[in-house]
Amino acid sequence: MGQYDANLCTLVVDGRFITGFDEGSMISAARDEESFSVKVDAQGVPIVSETNNPLGTITATLSQTSPSYAYLMQKAKSKQEFPVWVNYSGTPPEKAGGTRARIKKTPDKEFANEAGGREFAFQVFDYTDE
């Protein structure tokens, strides 16, 4: 049986390590579309069409008090592209992201009796994963 350690997972935005994640799921990464689609002709022969969409989404949930919150807010408002990478250095090692990304929008805000989370969604224009 393998072992998992959340401390072996990093999010790097434009060369800067992001810290101060909220409890629960820290980071998720996924392609925006499936790799191919299938249609079947009238005689039952499947036709496979490759999807050439390079887009992916990385979502990170920071604590409201995260030291990286102001930095990501600045990146969201800058309208500039930047690299974003998720790396897990455990076993098995995993990596996802790309060299061209932007933050889709500033996070929603909720104020309660405890510090809340702030979700940042990165649109990656050249998404790759390993």
Side-chain angles (χ1 to χ4, degrees):
M1 184 58 107
Q3 249 184 323
Y4 172 77
D5 184 348
N7 286 325
L8 299 178
C9 185
T10 60
L11 175 64
V12 182
V13 175
D14 205 10
R16 181 172 173 166
F17 285 88
I18 302 303
T19 61
F21 295 97
D22 201 23
E23 66 182 353
S25 180
M26 301 185 316
I27 307 164
S28 66
R31 288 199 176 280
D32 286 357
E33 286 187 344
E34 295 176 349
S35 299
F36 63 91
S37 63
V38 178
K39 124 180 175 177
V40 179
D41 72 12
Q43 295 178 322
V45 177
I47 302 166
V48 177
S49 297
E50 298 297 327
T51 303
N52 295 307
N53 184 340
L55 299 180
T57 301
I58 294 174
T59 304
T61 306
L62 272 58
S63 171
Q64 178 178 349
T65 61
S66 168
S68 298
Y69 178 72
Y71 174 74
L72 291 185
M73 287 295 288
Q74 175 218 356
K75 296 303 273 184
K77 294 176 182 180
S78 75
K79 298 183 180 179
Q80 300 293 316
E81 291 183 7
F82 50 83
V84 60
W85 294 100
V86 177
N87 295 289
Y88 180 68
S89 58
T91 302
E94 295 180 279
K95 181 177 182 177
T99 61
R100 299 180 53 226
R102 285 181 59 182
I103 297 173
K104 291 183 181 186
K105 68 178 187 79
T106 57
D108 295 344
K109 291 155 182 64
E110 181 178 306
F111 302 92
N113 60 336
E114 292 182 345
R118 300 292 186 260
E119 187 175 278
F120 289 89
F122 299 84
Q123 180 71 72
V124 183
F125 305 121
D126 59 348
Y127 184 87
T128 185
D129 56 2
E130 302 170 8

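Position 1 is the first residue of the sequence, and the numbers go up from there.
A pairwise comparison of heavy atoms in Ala101 and Val84 identifies CB-CG1, 3.4 Å as the closest pair. Residues Thr57 and Asp32 share a closest heavy-atom pair of OG1-OD1, 2.8 Å. Summarising the geometry of Phe21 relative to Ile18, their closest heavy-atom pair is CE1-O, 3.5 Å, with the distance given to 0.1 Å. Between Ala96 and Ile58 the shortest heavy-atom distance is O-CD1, 4.1 Å. Shown here for Met73 and Thr106, the closest heavy-atom pair between the two residues is CE-CG2, 3.8 Å. Looking at every heavy atom in both residues, Gly56 comes nearest to Gln123 through O-NE2, 3.0 Å.
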Practice task
Output, in order, the C-alpha distance, side-chain angles, deciding distance and verdict of side chain to side chain contact (heavy atoms under 4.5 Å, CB included) for Cys9 and Val86.
Solution key: CA-CA 7 Å; Cys9 185; Val86 177; 4.1 Å; yes
Problem - side chain to side chain contact (heavy atoms under 4.5 Å, CB included) evaluation trace for Leu62 with Asp22 - result: CA-CA 5 Å; Leu62 272 58; Asp22 201 23; over 6 Å; no
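Chaining together hydrophobic side chains whose heavy atoms lie under 4.5 Å apart places Leu55 alongside Phe125. Taking Ile, Leu, Val, Met, Phe, Trp and Tyr as hydrophobic and joining them when side-chain heavy atoms fall under 4.5 Å apart, one finds Ile47 isolated, its cluster having no other members. Residue Val12 shares its hydrophobic cluster (ILVMFWY side chains chained together at separations under 4.5 Å) with Phe17.
Atom NZ of Lys77 sits in a sparse spot, with 12 or fewer heavy atoms from other residues, nucleotides or ligands closer than 6.0 Å.
Looking at residues two or more places apart in sequence or on another chain, you find a side-chain contact (heavy atoms from CB on, under 4.5 Å) between Thr19 and Pro67, Ser68. Shown here are the side-chain hydrogen bond (donor to acceptor under 3.5 Å, both in side chains) partners of Thr99, two or more places apart in sequence or in another chain: Asp126. When the side-chain contact (heavy atoms from CB on, under 4.5 Å) test is applied to Asp14, the partners found at least two apart in sequence or on another chain are Tyr71, Lys75, Phe82, Pro83. Among residues two or more places apart in sequence or in another chain, the side-chain hydrogen bond (donor to acceptor under 3.5 Å, both in side chains) test is passed with Thr65 by Ser63. Qualifying salt bridge (Lys or Arg N to Asp or Glu O under 4.0 Å) partners for Lys105, counting only residues two or more places apart in sequence or in other chains: Asp108.
To the nearest 0.5 Å, atoms OG1 (Thr59) and CE (Met26) are separated by 13.5 Å. Note that CG of Leu8 is 11.0 Å distant from CG of Asn87, once rounded to the nearest 0.5 Å.
Taking hydrophobic clusters as Ile, Leu, Val, Met, Phe, Trp and Tyr residues chained together by side-chain heavy-atom distances below 4.5 Å, Tyr127 does not share a cluster with Trp85.
The salt bridge (charged side-chain N to carboxylate O under 4.0 Å, His left out) pairs that include a residue from residues 87-103 are Glu81-Arg100, where partners are two or more places apart or lie in different chains. Screening residues 86-114 for ring pair (Phe, Tyr, Trp, His ring centres under 6.0 Å), with sequence neighbours left out, gives Tyr4-Tyr88.
Counting only distance, with no hydrogens or angles, the side chain of Ser78 and the backbone of Gln80 share a donor-acceptor pair below 3.5 Å.
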Could you pull out all donor-acceptor pairs under 3.5 Å where a side-chain atom in residues 34-44 meets a protein atom, sequence neighbours excluded?
unit_1	atom_1	unit_2	atom_2	d
Asp41	OD1	Gln43	N	2.9
Asp41	OD1	Gly44	N	3.0
Asp41	OD1	Val45	N	2.9

Please list every donor-acceptor pair under 3.5 Å in which a side-chain atom of residues 112-122 meets a protein atom from a residue at least two apart or in another chain.
unit_1	atom_1	unit_2	atom_2	d
Arg118	NH1	Glu110	O	3.4

